[in-house]
Protein chains: 2
Amino acid sequence: MARPREVDPWDPTPIYLQIAGFLREDIESGKLAPGAQLPSEKEIQQTYGVARETARAVVRKLRDEGRVVTLPGRGTFVPPG
Amino acid sequence: MARPREVDPWDPTPIYLQIAGFLREDIESGKLAPGAQLPSEKEIQQTYGVARETARAVVRKLRDEGRVVTLPGRGTFVPPG
DNA sequence: TTTCATTTGTTCGTATGTATT
DNA sequence: CAATACATACGAACAAATGAA
């Protein structure tokens with residue numbers, strides 16, 4: 001496990017957008033390849049030390065961008081090409 | 001003011017989707033014409049007796065559908081034709 | 001089949017910040 | 001300045017879907 005990038009509380013960018021940026025990088029770099037599963041909401045909470053609503057906002061943002069798809073009860077994934 | 005339609009707690013449909021349905025009807029029927037302002041989050045809360053996040057989810061749903069636009073600090077509106 | 005753990009969905013509460021009027 | 005309105009973020013609880021045991 002790589003050390004997680006950390007949220008910068010001094011950055012005026014909302015926390016959820018900072019984290020969404022981290023995951024967006026992972027998708028674009030291929031570190032999260034098509035078909036890969038994103039960290040769960042709970043993992044996002046624990047990794048970055050944020051509340052669930054913040055974790056959910058992260059995923060919602062990426063979903064709104066069309067970068068990921070969420071399957072209830074299963075998880076959130078990078079869609080296949 | 002017409003008496004508000006009421007949320008049916010026995011309907012398995014999520015409350016925020018029920019309320020979004022009410023407002024969607026108002027938009028499609030022309031009761032909320034292009035340019036009209038939607039009820040605020042607080043008004044939705046009070047009218048239907050729901051929490052803020054629920055009221056926000058109502059507006060977000062309609063926004064995601066492209067039926068309304070939100071102007072921060074002003075309100076949510078039915079966009080002009 | 002039933003049970004259990006995991007994951008997302010929904011709902012409520014509270015607080016603070018920012019922008020507009 | 002004050003009122004209004006949306007944005008963000010913390011906490012808490014229960015429901016629903018899924019899959020594995």
Side-chain angles (χ1 to χ4, degrees), chain A residues 1 4-24 26-27 32 35-79, chain B residues 1 4-24 26-27 32 35-79:
Chain A
M1 293 275 291
R5 293 143 295 188
E6 289 182 6
V7 169
D8 177 2
W10 300 106
D11 187 336
T13 305
I15 293 172
Y16 82 96
L17 290 181
Q18 292 186 45
I19 300 173
F22 298 155
L23 296 180
R24 194 183 301 110
D26 292 343
I27 294 171
L32 282 173
Q37 182 166 13
L38 271 71
S40 70
E41 294 176 356
K42 181 177 286 293
E43 286 172 328
I44 292 175
Q45 291 179 60
Q46 295 170 338
T47 298
Y48 299 101
V50 296
R52 191 186 175 191
E53 176 175 299
T54 304
R56 285 179 60 73
V58 170
V59 177
R60 186 174 63 231
K61 182 65 166 64
L62 297 172
R63 196 164 49 229
D64 288 347
E65 295 175 356
R67 289 192 162 87
V68 302
V69 292
T70 295
L71 305 179
R74 284 203 266 168
T76 298
F77 303 83
V78 181
Chain B
M1 292 276 293
R5 292 144 295 189
E6 287 183 8
V7 169
D8 178 2
W10 299 106
D11 188 335
T13 305
I15 291 174
Y16 84 97
L17 290 181
Q18 292 186 44
I19 300 174
F22 298 155
L23 297 180
R24 194 182 301 109
D26 291 344
I27 294 170
L32 282 174
Q37 182 166 14
L38 270 71
S40 69
E41 294 181 351
K42 182 173 285 291
E43 286 173 328
I44 292 175
Q45 290 178 58
Q46 295 171 338
T47 298
Y48 298 99
V50 295
R52 181 181 190 187
E53 178 166 326
T54 303
R56 286 182 51 69
V58 170
V59 177
R60 186 172 64 229
K61 181 66 165 61
L62 296 172
R63 196 163 49 226
D64 288 349
E65 294 174 358
R67 289 192 162 86
V68 302
V69 292
T70 294
L71 306 180
R74 286 199 269 168
T76 298
F77 302 84
V78 182

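Just so it is clear: chains get the letters A, B, ... in the order the sequence lines come, proteins before strands, and each one is counted from 1.
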Give me each pair satisfying ring-ring contact (aromatic ring centres under 6.0 Å, His included) with a member in residues 51-70 of chain A, each pair once, sequence neighbours excluded. none
Classify the nucleic acid contact of B/Val59 as base, sugar-phosphate or nothing, counting any heavy atom under 4.0 Å across all strands shown. nothing
Selected nucleotide, minimal atom distance to A/Pro14 side chain, candidates D/dA7, C/dT11, D/dA9: D/dA9
Nearest whole angstrom, please: distance from the P of C/dT20 to the CD of B/Gln37. 15 Å
Which residue in the set A/Leu32, A/Leu71, A/Leu38 passes side chain to side chain contact (heavy atoms under 4.5 Å, CB included) when paired with A/Phe77? A/Leu71
Atom pair OG/CD of B/Ser40 and B/Gln45 - distance to nearest 0.5 Å: 8.0 Å
NZ of B/Lys61 versus P of C/dT11: gap in Å, rounded? 13 Å
Rounded to the nearest 0.5 Å, what's the gap from CZ on B/Arg24 to CG on B/Leu17? Could you check? 7.5 Å
Per atom distances to the B/Ala51 side chain, the nearest of C/dG9, C/dC12, D/dA5 is C/dC12
Distance check needed: D/dC6 C1' versus B/Arg60 CZ, whole Å only. 13 Å
I want to check one thing: is the phosphate of C/dT10, taken as OP1 and OP2, less than 4.0 Å away from some side-chain N or O of B/Tyr16? yes
For the helix from C/dT2-D/dA21 to C/dT21-D/dA2, measure the angle between the helix axis at one end and the axis at the other, each built from five pairs, rounding to 10°. 20°
Quick one: A/Tyr48 OH to D/dA9 P, roughly how many Å, whole number? 15 Å
Mind checking the CZ-CD spacing from B/Arg60 to B/Glu41? Nearest 0.5 Å is all I need. 10.0 Å
So that I can tick it off, tell me whether B/Arg5 and B/Asp26 are bridged by a salt bridge, with the cut-off set at under 4.0 angstrom between side-chain N and carboxylate O. yes
Spacing of A/Gln45 atom CD relative to D/dT8 atom P, expressed in whole Å: 18 Å
With a 4.0 Å limit, can you tell me whether A/Thr54 has a side-chain N or O closer than that to the phosphate oxygens OP1/OP2 of D/dT8? no
Any N/O donor-acceptor pair, A/Glu53 side-chain to D/dC10 base, under 3.5 Å: yes
A/Ile19 CD1 - D/dA9 C1' separation (whole Å): 11 Å
Would you name the heavy atoms of B/Val50 and B/Ile44 that are closest together and state the gap between them? CG2-O, 3.9 Å
Nearest 0.5 Å, what's the OH-CD distance between A/Tyr16 and A/Glu53? 10.5 Å
Roughly how far, to the nearest 0.5 Å, is CD of A/Gln46 from NZ of A/Lys42? 5.5 Å
Any sub-3.5 Å donor-acceptor pair from B/Gln18's side-chain atoms to B/Asp8's backbone N or O? yes
For A/Ile15 and for B/Pro39, find the nucleotide of DNA chain D with the closest heavy atom, then tell me which residue's nucleotide is more 5'. B/Pro39
Is any side-chain N or O of B/Thr70 closer than 4.0 Å to OP1 or OP2 of D/dA5? no
For a quick check, with a 4.0 angstrom heavy-atom cut-off, what is the B/S/- contact string for nucleotides 15-21 of chain D, read 5' to 3'? --BSS--
Using whole Å, what does the distance between atom C1' of nucleotide D/dG11 and atom CZ of A/Arg56 come to? 15 Å
A/Leu17 has an atom CG; how far is it from atom P of D/dA7, in whole Å? 12 Å
